[in-house]
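Inspection log for the structure reproduced underneath, given as structure tokens.
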Amino acid sequence: MKYKRILLKLSGEALQGSNKETHIDPAMLEQYSEEIKRVKEKGVELAIVIGGGNIFRGGEADVLGIDRVQGDYMGMLATVINAMALQSALERHGLYTRLMSGIKMEQVCEPFIRRRAIRHLEKGRIVIFGAGIGNPYFTTDSTASLRAIEIQANVVLKGTRVDGVYSKDPEKFTDAVRYSKLSFQEAYEKNLNIMDMTAFTLCMENKLPIIVFDMNKKGNLLKVAMGEEAGTLIS
Ligand code: UDP
């Protein structure tokens with residue numbers, strides 16, 4: 001086993017799947033739970049950060065006449081909704097989970113307490129971090145980096161819908177080149193859009209590797225978690 005403890009970042013948008021009519025697609029919950037279960041069965045300690053972009057993004061608040069900070073809190077609450085859906089799906093698959101929130105909401109989930117999160121992981125529970133870091137002007141990518149450092153994860157796995165980092169957007173340019181490995185310095189100099197700057201710098205300064213991979217390809221999460229080559233490794 002290459003990684004003992006992993007932090008998996010999933011975007012909220014991914015939960016939506018192809019069905020834009022609903023915010024959460026049950027087929028995606030099913031698919032992700034199965035992928036996650038396969039990793040858990042290998043004895044890997046797993047923490048998850050999930051975004052909220054399928055429900056609300058702070059950046060969208062402006063057009064609704066809602067101020068940015070209020071919008072960011074709405075976005076954080078959106079991540080809790082996704083986290084609760086994922087928690088239920090994982091439990092349906094027989095996995096033990098704990099949901100910890102960056103904003104206190106005791107009827108719904110535990111508050112984030114670092115030592116407690118680590119204890120849950122040691123006991124084999126999957127820890128889902130909801131409500132981002134609990135502060136406006138941050139993203140769930142920054143949350144993934146920060147929480148990963150706090151719980152001393154060995155790697156951040158960023159699940160996306162493309163199979164790694166490309167020189168340009170592969171969905172727009174046919175001549176985009178895919179990288180299998182990059183140093184933080186290279187990624188920075190090439191201005192590759194891996195995570196937002198706050199999230200990226202946190203990983204770089206703390207020497208925490210990131211793997212960007214295609215979460216929608218069956219068996220890929222397990223592959224990446226086992227240290228096999230899939231996606232792009234930034235270290
Ligand atoms: N957000 C925030 N602080 C955090 C995490 C998230 O303010 O620590 C807000 C922010 O407005 C963001 C929204 O929550 O737009 C949803 O998260 P994000 O856009 O990162 O989700 P994703 O794009 O990964 O689905």
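All heavy atoms count here, side chains included; hydrogens, waters and symmetry mates do not. Note that ligands are numbered from 1 as they come in the structure, with each ligand's atoms numbered from 1 the same way.
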Nearest heavy-atom contact between Val224 and Tyr3 is O-CE1, 3.7 Å
Identify, by atom number and element, the atoms of ligand 1 in contact range of Thr140, meaning under 4.0 Å from any of its heavy atoms. 5 (C), 17 (O), 18 (P), 20 (O), 21 (O), 22 (P), 24 (O)
Nearest protein heavy-atom contact for atom 2 (C) of ligand 1: which residue, which atom, what distance? Phe138 O, 3.0 Å
Atoms of ligand 1, numbered as shown, that sit under 4.0 Å from any heavy atom of Gly51: 21 (O), 22 (P), 24 (O), 25 (O)
In chain order, what residues pass the side chain to side chain contact (heavy atoms under 4.5 Å, CB included) check against Lys37, with sequence neighbours excluded? Glu41, His93, Leu95
Nearest protein heavy atom with distance in Å, relative to atom 14 (O) of ligand 1: Gly75 C, 3.2 Å
Give me the residue, atom name and distance of the protein heavy atom closest to atom 8 (O) of ligand 1. Ile133 N, 2.9 Å
At a non-hydrogen distance cut-off of under 4.0 Å, which region of Met74 contacts ligand 1 (side chain, backbone, both, or neither)? neither
Could you check atom 12 (C) of ligand 1 against the protein and tell me its nearest heavy-atom contact, residue, atom and distance included? Gly58 N, 3.9 Å
Lys172 and Asp169 ion-paired at < 4.0 Å: yes
Pairs in or reaching into residues 121-138: which pass side chain to side chain donor-acceptor pair (under 3.5 Å), with residues at least two apart or in two chains? Arg119-Glu122, His120-Arg125
Indicate if Val156 and Leu233 have the same hydrophobic cluster label, given that clusters are the connected sets of ILVMFWY residues with side-chain heavy-atom separations under 4.5 angstrom. no
